[in-house]
Asker: 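Here you go, one structure.
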Number of protein chains: 2
Amino acid sequence: MSKRGRPRDFEHTSIVDIAMKTFWTKGYEGCSTQDLCNDTGLGKGSLYNTFGSKQELYKQAVERYHETGIKEQTAILESTGSVKERLRYFLNWGMVEDFESTSPKGCLLINAGLERANEDPIVEGIVSRHIELLKAAMEKIMEEGLRTGEIPRQRSAVDLASLFLSSYYGFRVLNTSTQNRTLAEQIMNGTMESIFGA
Amino acid sequence: MSKRGRPRDFEHTSIVDIAMKTFWTKGYEGCSTQDLCNDTGLGKGSLYNTFGSKQELYKQAVERYHETGIKEQTAILESTGSVKERLRYFLNWGMVEDFESTSPKGCLLINAGLERANEDPIVEGIVSRHIELLKAAMEKIMEEGLRTGEIPRQRSAVDLASLFLSSYYGFRVLNTSTQNRTLAEQIMNGTMESIFGA
DNA sequence: TTAATATTGTAACGTTCGGTACAAAAATAG
DNA sequence: CTATTTTTGTACCGAACGTTACAATATTAA
C-alpha cells in the first residue's frame, strides 16, 4: 500500500549523485540552485520540496561522496596482494581521480573540508568521520606490514598511517592544483620509499 | 614631478593585503565586491578604477600571498640549526597558521589551487610556481641532510623533498578541515620519523 | 587662475541569487 | 465517481551580484 498523492518521478539517490558532481565541479558557492536544476532535470518546486535548501542538498551530496568513497578506499586497502602493492594501488587510484577521471577532477571531500567545514558543523563531521575511518584502515594495513616484516624497522602503525594519510591528501591537492604528473610520480616514489625503505 | 590629477589616498599594497585576507577567509566565490569594499574601506569607484575586476584583485592577492609566503618558508628552511630542527620548525609554522593564526586559518594558496586554478591559468601559474620554489628549497635542505649524514640511508633528495612536500600540504589540509591537534601531532611525528629514522 | 586630469563616493545598471507561492497534474482512498 | 494528498512546473519575490556611469572633488601644469 503506497502513499496517496502524485508519485515522484525520480530516484532520490540519483539526484544526489548528480548534485554531488555539480558541487564537486563548481564548489558550494560557485554553483547556483539553477545549475542544480539544470543538471538534475528537476524544477525548483521538486528540488525544494525534496531537499528544502541548497545547504541540505550539499550535505547529502557530501555524505554520499563519503559513503561511496570510504567503501572504495577500504576495499583497496583490504584487497589481496602485498601491503606494498595495495598502498601503491591506493595512491594510483587517487592519481586516476586527479588526472583521468570522467567524474570531476580532485576530491570533493577535500573541497568540502576547506570550503564548508568551518561554516557547517555537519560537513565538518562528515569530513572528520571519513578521515578517521580512512586512518583506521591505514593503521590496519600498516600493522599487517609490520607484522609480516614487509615494512622494515619498527615504527608505530599510527605514525606510519598518519604519514601516509597526510602524504595522500597532499598528493591529491598538488595533483589537482598543478596537474603535474612528474611531481605526482615523485611523490608516489618518495612516499613508498619512506615506508618500505630504500 | 608627480602625476597630474587627484592623488590616491591609499597604498596599493595595503589594499591588496586586506583583500588577501578577505579572499582567504571567504573564498573567491564566497566573497562579494561589497565585502571587499567594506574590508578595504574603498568605494567601488576606487576599487574598480584601481583593479578593474574582482578577478584581477584576486590574482594580485594570491600573488602577494605567494611572495610573502615563499620568503617566510625559505627563510625557515635556510635558517640556522640542524636539518631536523628546521624541518620540524617548518611543520610547526604551518600548524600555527592552521590552529592559532590571527590571520585567517589555513593556506590561501591551497584554497586558490583548488577553487580557481582550473578556472584561471594565471592563478594556476602562481600556485605551480610557488610549489616549484618550495620543492626546490626542500630538495636543498634534504641534500644538506644527506651530505652531513643527518638523514640516514641514502635516498634521493628529490624523493625526500617530494614526500615532505606532499605530507606538508596534506598536513595543512587535514588541520584546516578537522582542527584535530592530536592528528596534527601524529602527522608531525610520522613525517619526521620517516625522514630521520626510528 | 584656469585648464586638464585622476580619484572619489554614490547611484544606478541588468542579471542572477536562494527561496517561495501556487495552480495544474497525477496519484490513492473511499 | 469525488475528495484528498502529493508532486510538478512556472512565475515570481526581494536581495545581492559584479560592474558601470558620472558628477563632485582634489590635485598639477601652465
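So that the names make sense, note that chain A is the first sequence line, chain B the second, and so on, each numbered from 1. Atoms considered below: every heavy atom in the structure, side chains included; atoms not considered: hydrogens, waters and symmetry mates.
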Asker: Hey, does the side-chain of B:Arg6 have a donor or acceptor N/O within less than 3.5 Å of a partner on the base of D:dT25?
Answerer: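 Such a pair is found, so the answer is yes.
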Asker: For B:Cys37, which contact category applies under a 4.0 Å heavy-atom criterion: base, sugar-phosphate, or nothing?
Answerer: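 Counting heavy atoms under 4.0 Å across all strands, no contact is made by B:Cys37.
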Asker: Given that B:Tyr28 and A:Arg8 both sit by DNA chain D, which one's nearest nucleotide is further toward the 5' end?
Answerer: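 Its nearest nucleotide being more 5', the pick is A:Arg8.
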Asker: To the nearest 0.5 Å, tell me how far A:Thr191 OG1 sits from A:Arg88 CZ.
Answerer: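 It is 9.5 Å, given to the nearest 0.5 Å.
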Asker: Can you tell whether the side chains of A:Glu193 and B:Arg153 come within less than 4.0 Å, N to carboxylate O?
Answerer: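 The answer is no: the pair does not qualify as a salt bridge.
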Asker: Here's a test for you: under ring-ring contact (aromatic ring centres under 6.0 Å, His included), which of A:Tyr28, A:Phe51, A:Trp24, A:Tyr65 qualifies with A:Tyr58?
Answerer: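 Going through the options one by one, the only one that passes is A:Tyr28.
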Asker: For B:Asp39 and B:Lys21, run salt bridge (charged side-chain N to carboxylate O under 4.0 Å, His left out): C-alpha distance rounded to whole Å, both residues' side-chain angles, the deciding distance at 0.1 Å, then the answer.
Answerer: CA-CA 9 Å; B:Asp39 290 1; B:Lys21 292 185 183 175; over 6 Å; no
Asker: Which whole-number value in Å describes the distance from A:Asp9 CG to C:dA27 P?
Answerer: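 From A:Asp9 CG to C:dA27 P: 9 Å.
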Asker: Hey, could you give me the OG1/CG distance between B:Thr68 and B:Asp17, rounded to the nearest 0.5 Å?
Answerer: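 B:Thr68 atom OG1 to B:Asp17 atom CG measures 7.5 Å (nearest 0.5 Å).
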Asker: What does B:Ser32 touch in the nucleic acid at a heavy-atom separation under 4.0 angstrom: a base, only the sugar-phosphate, or nothing?
Answerer: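 Result for B:Ser32 = sugar-phosphate.
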Asker: Let me know the distance between CD of A:Gln34 and C1' of D:dG9, rounded to the nearest Å.
Answerer: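 After rounding, the reported distance stands at 12 Å.
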Asker: Mind calculating the distance between CD (B:Glu29) and P (D:dA16) to the nearest angstrom?
Answerer: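 Distance, rounded to whole Å: 18 Å.
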Asker: Measure the distance from CZ on A:Arg4 to P on D:dT2 and round it to the nearest whole Å.
Answerer: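 In whole Å, D:dT2 P lies 17 Å from A:Arg4 CZ.
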Asker: Nearest 0.5 Å, please: how far is CD in B:Glu115 from CG in B:Leu108?
Answerer: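 The distance works out to 9.5 Å.
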Asker: In terms of the nearest nucleotide of DNA chain C, which residue is placed more toward the 5' end: B:Gly5 or A:Pro7?
Answerer: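 Mapping each residue to its closest nucleotide by heavy atoms, the 5'-most match is B:Gly5.
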Asker: How many Å lie between CG on B:Asp35 and C1' on D:dG18, as a whole number?
Answerer: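 From B:Asp35 CG to D:dG18 C1': 12 Å.
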Asker: A:Ile15 has an atom CD1; how far is it from atom P of D:dT7, in whole Å?
Answerer: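 A:Ile15 atom CD1 is separated from D:dT7 atom P by 14 Å.
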Asker: Is B:Glu78 paired with B:Lys140 through a side-chain N to carboxylate O contact shorter than 4.0 Å?
Answerer: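 Salt bridge: yes.
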Asker: Short of 4.0 Å, heavy atom to strand atom, which residues of residues 38-59 of chain A count as contacting DNA chain C?
Answerer: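 Output list: A:Lys44, A:Tyr48, A:Ser53, A:Lys54.
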Asker: What integer distance in Å separates B:Leu36:CG from D:dC17:C1'?
Answerer: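 Rounded to the whole Å, the gap is 12 Å.
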